[in-house]
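Input: a single structure, listed below in structure tokens.
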Amino acid sequence: MKTPVYLDGHATTPMDPRVLAVWERTARDHFGNPASTGHAFGWAASRVVELAREHVAGLIGATPREIIFTSGATEADNLAVLGLAGAFEGRGRRQLVTSNLEHPAVAGPLAWLAGQSAWELTTVPAGPSGLVAPDDLAAAVTGQTLLVSLIAAQNEIGTLQPLAAVGEICRAAGAFFHVDAAQMGSGLDLDVERDRLDLVSLSGHKMYGPKGIGALYVRRRGPRVGLRPLMYGGGQERDLRPGTLNVPAIAAFGEACRLLQLEGAADRVRIGGLRDRLWQNLQDNLPDIQLNGDAKARLAGNLNVSFGGVPPGRLVGALTTLAVSAGSACASAEGRVSAILLALGVGPELAAASLRFGLGRFTTEAEVDFAATQVVAAVRRLRAGS
Ligand SMILES: Cc1ncc(COP(=O)(O)O)c(C=O)c1O
């Protein structure tokens, strides 16, 4: 077993070797520009892109024409939120609805819109277990609602929102429903028809694919979603995302989606088992610890735990043989206490004595057992004041 052990799969995942092989092969063999319609190099690159588009679409029950490749989930989120608002501004509906658990990639563009006079933002708070109650959401949605945007799987506490119930509410109210599904690789099962989704953001590097690639699903029928582009240029991606396509990254992302569709269900069972083993191990050996986020409706790979009696801000640094984090990668870069834990009602001291574990496809039982031993020892040490 190599150390440090990687348990930060919500920040990013290692590339699956099978995905890396596709990336390498494509970069070497298919360097053509898919927009070069006059020769074989362009045709070959275009075939690679369209095959990947089928794989991405297949993962979420969409059709290939509904997939727009982007640089990642941040861009997909911005295109969904700002693109929809841009297309519908001044056409009647002016309310945007979201939760208090959103990633900055959604909260940011929504906050920007809320600062414009054309829009009104309603934030529905999640309950203490990190779930948005469909009744609360239904109470917030009105005939004025253009968009409901929810984080499908929360990146710190792993909670899985009741998408199908919310989708039903949106459809009945004539509002569009966007979900941020960046954490799909950690064990989220999603279907655009079953869950009545209109816009879905995906990220390659959270599902064993490369960084800098992702996609936005844009529903084409029942209802058709209109978006205004964020950039203007050469007309690629149905005019919604111009620029020469990153063919190797797209091919690899497609392969990552294909593998996730094939293996996701089995992955979820295995990874969920390891996660439960880790949680049991911590509970057996440490008093005064608490699980943050709903115990059942959560990503298979996620564990978020607060450790009472541990001095704030010390845990991550004490765990030199583990790659874990205190919250989101963005928050930890800025040294902030998790706003998500505070939103759930966790006190600031306890929130600052919390760990987020992100297990994944390559996590082993030995690693999980090692992690438990390390965490138990560190917590005991810190509690003892040494
Ligand atoms: C829920 C969520 N949304 C969006 C993002 C941003 O994704 P990307 O890194 O692909 O831009 C992340 C990852 O940081 C995330 O966890």
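Every number for a ligand or one of its atoms is a count from 1 in the order of the listing.
The I151 neighbourhood of ligand 1 comprises atoms 1 (C), with distances under 4.0 Å to a heavy atom of that residue. Listed by number with element, the atoms of ligand 1 under 4.0 Å from a non-hydrogen atom of G72 are 10 (O). With ligand atoms numbered from 1 in the order given, ligand 1 contributes 1 (C), 16 (O) to contacts under 4.0 Å with heavy atoms of N155. When each atom of ligand 1 is checked for a heavy atom of D180 under 4.0 Å away, the hits are 1 (C), 2 (C), 3 (N), 4 (C). Contact atoms of ligand 1 toward S203: 8 (P), 10 (O) (distance under 4.0 Å to a heavy atom of the residue). Near H205, meaning under 4.0 Å from one of its heavy atoms, ligand 1 places the atoms 8 (P), 9 (O), 10 (O).
Among M184, K211, Q183, E156, the residue whose heavy atom lies closest to atom 16 (O) of ligand 1 is Q183. Residue A73 holds the heavy atom nearest to atom 7 (O) of ligand 1 of all those in A73, G212, A105, A11.
Salt bridge annotation for R228-E89: absent, with no cationic side-chain nitrogen under 4.0 angstrom from a carboxylate oxygen. A salt bridge links R53 with E237: the closest approach of a Lys/Arg side-chain nitrogen to an acidic carboxylate oxygen falls below 4.0 angstrom.
In this structure, F362 has its ring center under 6.0 Å from that of Y208.
Between T74 and ligand 1, at least one N/O pair is under 3.5 Å apart.
Residues satisfying the salt bridge (Lys or Arg N to Asp or Glu O under 4.0 Å) test with E120, not counting sequence neighbours, are R94.
Of the heavy atoms in K206, only side-chain atoms (C-beta onward) come closer than 4.0 Å to ligand 1.
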